[in-house]
Novice: 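For reference, the structure I am asking about is given below.
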Amino acid sequence: MVTLLLDSSRLEVALSATERALSFRKDAVRVERTHIAKVQLVDDPWTWLRGVPTPGTVIPRTVAMGRWRSAGGDDFVLVRRRRPSVVIDLDGDPEFQRLVITTRHGLALVQALRLEADDEPVDVVELVTTEIPVQRPDAAADGPVRSPRRRAPRPAQA
């Protein structure tokens, strides 16, 4: 699973050893926050792939990792199966035009990009859970408390 780190100046996509090997990268992907033009949450990241993997690894509908080269520019892709993903369009970045990343923390990333971050890199999930208050419903505010439904006993079968 990819780790997203965010500080006041950049977003870093930290890759595991397997992800580095499959994407043919030696280090993490780093993008300046000022280069992020648009962030979208998508259900099917495969429709967002453009170009060909150069270098990269692709097993159709299973895994796609690496640099995708197209006429529009280079994209960094890290896609696993048909899981929710985030598409980050970049403007002015010297290395990539777009990032397509499968992560279950896409919503947390969108929320964290709206916040003012610290100078130290912080995991996106930790940043969002500490900065945005989560409202939990109170039992008194919701009205009467219902007891769980009980099932009728099944008759014995012979």
Side-chain angles (χ1 to χ4, degrees), residues 1-138 141-142:
M1 177 57 91
V2 67
T3 302
L4 302 171
L5 301 173
L6 184 68
D7 64 11
S8 62
S9 63
R10 73 177 149 183
L11 169 68
E12 181 176 335
V13 181
L15 305 173
S16 68
T18 304
E19 291 165 342
R20 283 194 310 269
L22 291 176
S23 64
F24 295 94
R25 282 193 69 87
K26 293 181 180 178
D27 56 351
V29 176
R30 292 176 184 88
V31 175
E32 296 297 320
R33 277 182 89 162
T34 57
H35 295 162
I36 297 175
K38 182 169 55 169
V39 180
Q40 303 174 64
L41 300 174
V42 296
D43 289 331
D44 187 11
W46 294 94
T47 59
W48 290 89
L49 298 184
R50 58 185 183 181
V52 293
T54 322
T57 302
V58 63
I59 302 172
R61 301 292 180 197
T62 304
V63 68
M65 293 185 188
R67 178 184 300 263
W68 253 241
R69 188 158 286 166
S70 70
D74 292 352
D75 300 345
F76 180 76
V77 175
L78 196 112
V79 174
R80 289 190 181 95
R81 302 202 184 267
R82 287 186 170 257
R83 296 185 178 158
S85 299
V86 62
V87 177
I88 304 170
D89 289 321
L90 305 173
D91 187 24
D93 189 68
E95 191 173 10
F96 297 114
Q97 297 296 315
R98 179 186 286 171
L99 306 177
V100 182
I101 301 169
T102 298
T103 178
R104 61 179 163 217
H105 305 299
L107 183 60
L109 174 64
V110 172
Q111 292 173 341
L113 285 171
R114 292 182 180 174
L115 298 173
E116 292 299 323
D118 297 331
D119 289 335
E120 287 292 317
V122 180
D123 190 1
V124 169
V125 178
E126 293 174 18
L127 180 67
V128 171
T129 55
T130 58
E131 294 292 328
I132 298 177
V134 178
Q135 295 179 351
R136 302 194 192 281
D138 293 341
D142 288 343

Novice: Applying side chain to side chain donor-acceptor pair (under 3.5 Å), can you list everything that pairs with R10, at least two apart in sequence or on another chain?
Specialist: none

Novice: Hey, does R81 have a side-chain heavy atom less than 4.5 Å from the side chain of T62?
Specialist: yes

Novice: Go through T47 and V42 one step at a time and tell me if the side chain to side chain contact (heavy atoms under 4.5 Å, CB included) criterion holds.
Specialist: CA-CA 9 Å; T47 59; V42 296; over 6 Å; no

Novice: Which heavy atom of A64 sits nearest to which heavy atom of L49, and what is that distance?
Specialist: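 What the structure gives for the nearest pair is CB-CD1, 4.1 Å.
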
Novice: Do L5 and L11 come within less than 4.5 Å of each other through their side chains, counting heavy atoms only?
Specialist: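 L5 does not reach L11 side chain to side chain.
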
Novice: Less than 4.5 Å apart, side chain to side chain, heavy atoms only: is that true for D89 and R98?
Specialist: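 In contact.
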
Novice: In sequence, state the C-alpha distance, the side-chain angles, and the governing distance for D91 and H35, and then conclude on side chain to side chain contact (heavy atoms under 4.5 Å, CB included).
Specialist: CA-CA 5 Å; D91 187 24; H35 295 162; 5.9 Å; no

Novice: Once rounded to the nearest 0.5 Å, what's the spacing between atom CZ of R80 and atom CD1 of I59?
Specialist: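 Reported to 0.5 Å precision, the distance equals 12.0 Å.
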
Novice: Mind listing the closest non-hydrogen atom pair of F76 and R25 along with its distance?
Specialist: CE1-CD, 3.4 Å

Novice: So, the side chain of R33 versus the backbone of L113: is there a donor-acceptor pair under 3.5 Å, distance only?
Specialist: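 The answer is yes, because a donor-acceptor pair under 3.5 Å joins these two groups.
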
Novice: So, for S23 and L15, which heavy atoms are closest and what is the spacing to 0.1 Å?
Specialist: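 In terms of heavy atoms, the two residues are closest at OG-CD1, 4.0 Å.
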
Novice: Report the distance from atom CZ of R69 to atom CG of D75, rounding to the nearest 0.5 Å.
Specialist: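 Rounded to the nearest 0.5 Å, the CZ-CG separation comes out at 11.0 Å.
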
Novice: Rounded to the nearest 0.5 Å, how far does CG of L4 lie from CG of L99?
Specialist: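 Rounded to the nearest 0.5 Å, the CG-CG separation comes out at 9.5 Å.
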
Novice: Is the shortest heavy-atom distance from the side chain of T102 to the side chain of V2 under 4.5 Å?
Specialist: no

Novice: Rounded to the nearest 0.5 Å, how far does CD of E19 lie from OG1 of T3?
Specialist: 7.5 Å

Novice: One thing to verify: whether R67 and E95 come together as a salt bridge, which I'm taking to mean a side-chain N less than 4.0 angstrom from a carboxylate O.
Specialist: yes

Novice: For V52, is there any backbone N or O sitting under 3.5 Å from a side-chain donor or acceptor partner on T54?
Specialist: yes

Novice: Verify side chain to side chain contact (heavy atoms under 4.5 Å, CB included) between I88 and F96, making sure each step is shown before the conclusion.
Specialist: CA-CA 10 Å; I88 304 170; F96 297 114; over 6 Å; no

Novice: Rounded to the nearest 0.5 Å, what's the gap from CG on D74 to CG on L90? Could you check?
Specialist: 11.5 Å

Novice: Minimum heavy-atom separation for S85 to R83, with atom names?
Specialist: OG-O, 3.2 Å

Novice: What pair of heavy atoms forms the shortest contact from R61 to W46, and how long is it?
Specialist: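 Of all heavy-atom pairs spanning R61 and W46, the closest is NH1-CB, 2.9 Å.
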
Novice: Is there a side-chain contact between F24 and T57, using heavy atoms and a 4.5 Å cut-off?
Specialist: yes

